[in-house]
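Beneath this line is the structure, given in structure tokens, with notes to follow.
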Amino acid sequence: MTSFFGWPQVARLGLVQAALGAIVVLTTSTLNRVMVVELALPALLPGLLVALHHAVQITRPRMGHGSDVGGRRTPWIIGGMAVLASGGVLAALATAWMGSEPGPGAALAALGFVLIGLGVSACGTALLTLLAKRVAPDRRAGAATVVWLMMIVGFAVTAGVTGKLLDPYSPARLVQVTSGVALIAVLVTVLALWGLEGRAPASAGPDEARPDAQAFRTALREVWADEDARRFSVFVFLSMLAYAAQDLVLEPFAGQVLGYTPGQTTSLSGLQHGGVLVGMLAAAAAGREWRGLRLGTLRGWTVGGCIASALAMAGLVMAALVGPEWPFRLNVWLLGAANGAFSIAAIGSMMHLAGAQGGGREGVRMGLFGAAQGIAFGLGGLVGTGASDLARWAFGLPDTAYASVFALEAAMFVAAAGIAAGRRRARPASGPGALTGPTTLQVPR
């Protein structure tokens with residue numbers, strides 16, 4: 001019988017997530033700045049490259065299927081990290097090349113960001129699937145919080161250390177620092193996973209049967225036939241689209257409508273992430289009990305977090321209409337707390353639903369959810385900025401334009417909450433992998 005991971009094992013997987021985050025933040029943030037500032041290239045270029053790495057994550061279900069067939073996730077995590085590291089180094093080389101040959105450098109960067117997307121897909125999907133299979137149900141929200149907090153630590157440490165190492169900037173230094181981060185990330189991953197998963201079971205019971213190497217389309221079609229998985233994928237896409245759409249809009253809004261200085265708008269990011277941290281820590285209690293008191297459910301935190309996010313977006317609509325008198329900074333903090341709560345609860349729900357049906361399709365399900373999230377993140381910035389430009393053209397006034405965009409995002413959060421709140425009707429018991437019976441989304445309690 002498969003044993004559940006304890007907190008030390010969860011922390012080891014958190015180290016892998018931190019290593020993944022270290023490479024991603026370096027390639028999507030630092031290289032972005034170098035292209036725009038040091039190389040004076042159009043901001044659209046790094047924007048398209050980041051969108052490309054999200055678009056490539058549509059391959060996540062295929063990656064998950066591969067780990068299902070093999071029965072072990074460790075090779076996919078390590079292999080994905082190696083591909084991610086290679087893509088990061090290649091993207092840095094391409095950025096350095098852009099200084100003298102912008103065209104060929106951009107083409108090489110596109111290849112690098114494709115590898116980054118593929119590496120994130122393989123490594124991230126297999127890691128979450130391993131968590132889904134090996135973490136006890138009442139610990140899933142807490143495990144998600146630990147892993148994501150460690151990823152945020154990876155972001156912060158990498159940004160701080162590499163920021164110092166890159167001064168004074170030179171193309172050679174950029175490649176050296178990126179290569180060093182990539183090498184450390186791969187080594188940390190190998191050491192963290194050493195002996196963690198164990199061997200694939202030689203034989204599997206009906207609840208843990210591994211599929212043979214059948215066509216991926218068959219596996220995906222089987223998972224897509226499950227209405228729970230299908231509707232939860234829609235929930236993930238809609239909620240994460242609303243989550244990502246405000247990312248590139250909030251600071252311009254603060255500057256154009258509320259008169260914030262560049263320094264003040266930059267500080268909003270730290271304020272919002274502080275709220276995200278509090279929300280994550282609060283949602284970690286989902287499914288647990290304290291002195292006989294049940295501290296909420298995954299479904300409750302997911303629905304409540306989406307509704308709170310919608311209310312916070314409605315507050316931003318009021319800020320656009322009222323102006324500087326509105327308690328804007330408090331509003332931003334509350335938005336971060338609501339986002340953090342629903343995202344952790346949603347990840348816990350992903351982990352539950354990924355293994356809910358058995359049948360060895362955990363990786364495909366997790367890949368489906370991850371693909372929905374990746375596409376939403378890729379579209380989020382385009383939707384937010386495009387909608388604000390369109391609204392400004394239609395209404396003429398920036399405050400009305402931003403208010404309409406925030407209202408749209410609030411509506412998306414409300415719709416996502418409605419999907420998450422749906423209850424599943426009783427399903428006939430016809431075996432662990434049964435997909436019979438009409439259903440609506442069941443976000444686990």
Side-chain angles (χ1 to χ4, degrees), residues 12-35 38-39 45-46 49-50 52-54 56-57 59-60 63 73-99 104-128 147-148 150-194 196 370 374:
R12 288 170 65 178
L13 289 176
L15 285 174
V16 178
Q17 190 78 352
L20 185 152
I23 300 178
V24 170
V25 74
L26 189 58
T27 53
T28 60
S29 179
T30 304
L31 296 187
N32 175 16
R33 180 241 150 80
V34 170
M35 291 179 200
E38 276 73 20
L39 302 181
L45 175 59
L49 291 172
V50 172
L52 176 62
H53 113 275
H54 282 300
V56 170
Q57 293 184 43
T59 60
R60 276 179 178 262
M63 304 292 187
R73 318 295 165 174
T74 299
W76 285 84
I77 298 174
I78 295 176
M81 185 64 72
V83 172
L84 172 59
S86 300
V89 174
L90 192 63
L93 285 167
T95 302
W97 194 17
M98 287 181 200
L108 185 62
L111 175 59
F113 274 82
V114 166
L115 292 177
I116 291 169
L118 291 173
V120 170
S121 298
C123 182
T125 301
L127 189 149
L128 283 176
V147 169
W148 254 251
M150 293 184 72
M151 182 177 69
I152 293 173
V153 170
F155 287 166
V157 171
T158 303
V161 173
T162 59
K164 295 182 182 300
L165 294 177
L166 284 172
D167 285 334
Y169 170 78
S170 71
R173 188 181 291 266
L174 175 67
V175 174
Q176 291 170 355
V177 170
T178 305
S179 300
V181 171
L183 178 60
I184 292 172
V186 172
L187 291 176
V188 166
T189 299
V190 172
L191 292 175
L193 293 175
W194 191 273
L196 181 65

Minimum heavy-atom separation for [X] to [Y], with atom names?
{"X": "T178", "Y": "A92", "value": "OG1-CB, 3.6 Å"}
{"X": "A91", "Y": "F113", "value": "CB-CE1, 3.9 Å"}
{"X": "A19", "Y": "T189", "value": "CB-OG1, 4.0 Å"}
{"X": "C123", "Y": "V16", "value": "SG-CG1, 4.2 Å"}
{"X": "H53", "Y": "I116", "value": "CD2-CG2, 3.8 Å"}
{"X": "A82", "Y": "V186", "value": "CA-CG2, 4.3 Å"}

How long is the span from the [atom1] atom in [X] to the [atom2] atom in [Y], to the nearest 0.5 Å?
{"X": "R73", "Y": "L128", "atom1": "CZ", "atom2": "CG", "answer": "11.5 Å"}
{"X": "L49", "Y": "M35", "atom1": "CG", "atom2": "CE", "answer": "5.0 Å"}
{"X": "L166", "Y": "L26", "atom1": "CG", "atom2": "CG", "answer": "7.0 Å"}
{"X": "S121", "Y": "Q57", "atom1": "OG", "atom2": "CD", "answer": "4.5 Å"}
{"X": "W194", "Y": "I78", "atom1": "CH2", "atom2": "CD1", "answer": "8.5 Å"}
{"X": "L118", "Y": "M63", "atom1": "CG", "atom2": "CE", "answer": "5.0 Å"}

Can you tell me if T27 uses its side chain to pair, donor with acceptor, with the backbone of V24 under 3.5 Å?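 Indeed, once roles are kept as given, a pair shorter than 3.5 Å links the two residues.
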Flag the pair [X] / [Y] as yes when at least one side-chain heavy-atom distance between them is below 4.5 Å, and no otherwise.
{"X": "D167", "Y": "R173", "result": "no"}
{"X": "L15", "Y": "L191", "result": "no"}
{"X": "V25", "Y": "T30", "result": "no"}
{"X": "I23", "Y": "M81", "result": "yes"}
{"X": "M151", "Y": "V147", "result": "no"}
{"X": "N32", "Y": "V50", "result": "no"}
{"X": "L196", "Y": "L13", "result": "yes"}

Please lay out, stage by stage, how M98 and L108 fare under the test side chain to side chain contact (heavy atoms under 4.5 Å, CB included). CA-CA 9 Å; M98 287 181 200; L108 185 62; over 6 Å; no
